[in-house]
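Structure first, then comments.
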Amino acid sequence: MHSMKHPIAVDENVATAHLTSFHYGSPGSGKKVYIQAAVHADEVPAMLVAHFLRQELERLDAEGRVKGEIILVPAANPLGLSQVIHGAPFGRYHLTTGTNFNRLYRHVADDLKKSLEGKLGSDVDANVALIREHARHQVGLWEPKDDAETLKKTLLSMAIDADIVLDLHCDNEALMHMYTGTPLVEAVEPLMALLGARVLLVAKVSGGEAFDEACSRLWWDLADHFEGTAIPPSCIAVTVELRGENDVRYDYARADAAAMLQYLGHAGVLDIPLEPLPETPCRATPLNAVEPLEAPHAGVLVFHKKLGELVERGEPVADIVNPVSGQVTTLAAEHAGLLFASTAHRHLLRGMHVCKIAGTESFRSGDLLSS
């Protein structure tokens, strides 16, 4: 095991921030795994899971049981960790630019469509190796305009050629759930089963250029472009939402870390005793079948439904109570589904997020992720 410090701040007037990564196993000796925690810096449960992953990976590496390369970034956003507004951590957006720390990662597929023209053949392994080489090169050409882009380039540089990418987040209040690309469902189902995720949200293009999609989508974009060429979906990238912001508990974190290690064991990256895979807890849900509810006016939020409950079409989910005017508006679901995520705030302004319901029938289009 060794660690590396990566300088992030590029403004000469800003004290340099460093990102720390931990490296286990040997590059080129097997599959490459990249795991990062809390790129939204105030999503704390991810960092506690990373703490337990680090403890176990150090032990396994010392025993020679890492059969590939694993990179762990236990606190992926030193910029966001330094941001505080009126005493509260604020790690979702870069205060200088207003951009989301998990959006606008460089998507290199269009560049690779040009650079790989006439260079791919019928040898799958050769194609995968060449695509990874070109992807690393294109990420290296990214010229960051600010320290947030420097952070994004640094993270993507470590992950763009990985076989498995686990991006650990949490929601405001939520059940365990996950996001991945539609072509990756079968490869991700064992992780979903081990973590006991209640929802797996899938899309080929979700919008916004999130980190996991910057790593994985290039593979099916290239496969569609170079039709008939042997290009498998060679990066299993997953965003794991570790319940809610306040679910910072040792029992959760230990169990979640153990589940991820089992997943890596089943993938052949770790030489550990393997447990039987549990049954898959749910079927994949198209991301465009998720119904977000928003507050139609300001007021106090009162839920009729709890997380984990099924909601029928037209069934009341929550009320917005305006204590000044006395107006009470009931929010109902337009589509049946599972209430899997909600806001932790109980007074909302008009247009603020209330909750998300995972249905079965696609009905949305455009950018499918929240801002």
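Values below: all heavy atoms of this structure, side chains included; hydrogens, waters and symmetry mates excluded.
- In this structure the side chain of Ile357 never reaches within 4.5 angstrom of the side chain of His335, judged on heavy atoms.
- Listed for the Asp146 side chain is no donor-acceptor partner under 3.5 Å among the backbone atoms of Thr97.
- Other residues sharing the hydrophobic cluster of Val248, ordered by chain and number and joined by side-chain separations under 4.5 Å: Val44, Met47, Leu48, Phe52, Leu81, Tyr250.
- With hydrophobic clusters built from ILVMFWY side chains whose heavy atoms lie under 4.5 angstrom apart, Leu175 does not share a cluster with Leu195.
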Working note: Tyr263 + Val238, criterion side-chain contact (heavy atoms from CB on, under 4.5 Å); need CA distance, chi angles, decisive distance, verdict.
CA-CA 12 Å; Tyr263 180 68; Val238 191; 5.6 Å; no
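- Linking ILVMFWY side-chain heavy atoms closer than 4.5 Å, directly or via other members, places Leu53 and Val269 in a single hydrophobic cluster.
- Ion pairing of Asp224 with Lys204 is present here, as a side-chain N (NZ or NE/NH1/NH2) and a carboxylate O approach within less than 4.0 Å.
- In terms of modelled atom types and a separation under 3.5 Å, the side chain of Lys31 and the main chain of Gly28 share no donor-acceptor contact.
- In this structure, Arg59 places its CZ atom where more than 12 heavy-atom neighbours from other residues, nucleotides or ligands lie under 6.0 Å away.
- For the residue pair Ser3/His23, the side-chain donor-acceptor check at 3.5 Å is not satisfied.
- With hydrogens and angles disregarded, no donor-acceptor distance shorter than 3.5 Å links the side chain of Gln262 to the backbone of Leu194.
- Taking a 6.0 Å sphere around CG of Asn322, one finds it holds more than 12 heavy atoms contributed by other residues, nucleotides or ligands.
- The shortest heavy-atom contact between Leu261 and Ile272 is O-CD1, 3.3 Å.
- Distance CG/Leu264 to CG/Leu191: 8.5 Å, rounded to 0.5 Å.
- Between Ile35 and Asp167, every side-chain heavy-atom pair lies at or beyond the 4.5 Å cut-off.
- Connection of Met352 to Leu339 is established within a shared hydrophobic cluster, with ILVMFWY side chains joined at heavy-atom distances below 4.5 Å, either directly or through further cluster members.
- Glu133 contributes no side-chain N or O that, together with a main-chain N or O of Ala129, makes up a donor-acceptor pair within less than 3.5 Å.
- Side-chain atoms of Ser26 and Glu69 include no donor-acceptor pair closer than 3.5 Å.
- The pair Asp61-Arg54 does not count as a salt bridge, with every side-chain nitrogen at least 4.0 angstrom from each carboxylate oxygen.
- Trp220 places none of its side-chain heavy atoms less than 4.5 Å from the side chain of Thr182.
- Counting heavy atoms from C-beta outward, Val165 and Cys235 have side chains that approach closer than 4.5 Å.
- Salt bridge status for Arg132 with Asp163: present, with a side-chain N to carboxylate O gap under 4.0 Å.
- More than 12 heavy-atom neighbours from other residues, nucleotides or ligands sit within 6.0 angstrom of CD on Glu63.
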Arg92 vs Glu245, salt bridge (charged side-chain N to carboxylate O under 4.0 Å, His left out): CA-CA, chis, key distance, verdict
CA-CA 12 Å; Arg92 185 175 182 84; Glu245 290 181 16; over 6 Å; no
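- Between the side chain of Lys5 and the backbone N or O of Ser21 there is no donor-acceptor pair closer than 3.5 Å.
- Nearest heavy-atom pair across Lys356 and Tyr179 is NZ-OH, 3.7 Å.
- With hydrophobic clusters built from ILVMFWY side chains whose heavy atoms lie under 4.5 angstrom apart, Phe22 does not share a cluster with Met4.
- Put simply, Leu166 and Leu242 are part of the same group of oily side chains (I, L, V, M, F, W, Y) that touch within less than 4.5 Å, one to the next.
- Residues Arg254 and Glu56 have side chains not in contact (no heavy-atom distance under 4.5 Å, counting atoms from C-beta outward).
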Residue pair Ser206, Glu213: steps toward the side-chain hydrogen bond (donor to acceptor under 3.5 Å, both in side chains) verdict
CA-CA 8 Å; Ser206 59; Glu213 207 167 278; 2.7 Å; yes
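- Between His169 and His40, the gap from one ring centroid to the other is short of 6.0 Å.
- Partner of Leu200 under the side chain to side chain contact (heavy atoms under 4.5 Å, CB included) criterion, chosen from Thr180, Thr280, Leu184: Thr180.
- A donor-acceptor pair is defined here as one N or O able to donate and one able to accept, closer than 3.5 Å; no such pair exists between the side chain of Lys67 and the backbone of Gly25.
- A donor and an acceptor atom, one from each side chain of His94 and Asp147, are located under 3.5 Å apart.
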Using side-chain contact (heavy atoms from CB on, under 4.5 Å), reason through Val290 and Leu201 one step at a time and then give a plain yes or no.
CA-CA 8 Å; Val290 172; Leu201 301 166; 3.3 Å; yes
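- Salt-bridge formation is not detected for the pair Glu294/Arg350: no Lys NZ or Arg NE/NH1/NH2 atom is positioned less than 4.0 Å from an Asp or Glu carboxylate oxygen.
- The pair Lys305-Glu315 meets the salt-bridge criterion, with a side-chain N (NZ, NE, NH1 or NH2) lying under 4.0 Å from an Asp/Glu carboxylate O.
- Counting heavy atoms of neighbouring residues, nucleotides and ligands inside a 6.0 Å radius, atom CD of Glu312 does not exceed 12 of them.
- Counted by atom type alone, Arg198 and His177 present zero donor-acceptor pairs between their side chains at under 3.5 Å.
- Salt bridge status for Asp221 with Lys113: absent, with no side-chain N to carboxylate O gap under 4.0 Å.
- Residues Ala237 and Cys215 come closest through the heavy atom pair CB-CB, 4.3 Å.
- Salt-bridge check for Arg106 with Asp111: passed, with a basic side-chain N closer than 4.0 Å to an acidic carboxylate O.
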Anything under 3.5 Å between a donor and an acceptor, one on a side chain of residues 134-143, the other on a protein residue two or more places apart or in another chain? List them.
from	atom 1	to	atom 2	distance (Å)
His134	ND1	Ser115	OG	2.9
Arg136	NH1	Asp161	OD2	2.9

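- At a threshold of 4.5 Å between non-hydrogen side-chain atoms, the residues Met178 and Val199 do not count as touching.
- Counting all heavy atoms, side chain and backbone alike, Ala38 lies closest to Asn77 at O-CB, 3.6 Å.
- Annotation for Val124 and Ala230: closest pair CG2-CB, 3.4 Å, computed over non-hydrogen atoms.
- Considering every non-hydrogen atom in both Ile164 and Ala267, the closest pair reads CD1-CB, 3.9 Å.
- For Ser29 (side chain) and Pro27 (main-chain N/O), no donor-acceptor pair under 3.5 Å exists by modelled atom type.
- The shortest side-chain heavy-atom distance between Leu301 and His347 does not fall under the 4.5 Å cut-off.
- A donor-acceptor pair is defined here as one N or O able to donate and one able to accept, closer than 3.5 Å; such a pair exists between the side chain of Gln83 and the backbone of Tyr93.
- A donor-acceptor pair under 3.5 Å is absent between the side-chain atoms of Thr229 and the main chain of Ile231, judged by distance alone.
- Listed for the His266 side chain is a donor-acceptor partner under 3.5 Å among the backbone atoms of Glu275.
- Within the 4.5 Å cutoff, no side-chain heavy atoms of Arg65 are placed close to those of Leu270.
- Lys153 meets the salt bridge (Lys or Arg N to Asp or Glu O under 4.0 Å) test with no other residue; sequence neighbours excluded.
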Stepwise side-chain contact (heavy atoms from CB on, under 4.5 Å) check, Thr239 with Leu168
CA-CA 6 Å; Thr239 292; Leu168 309 184; over 6 Å; no
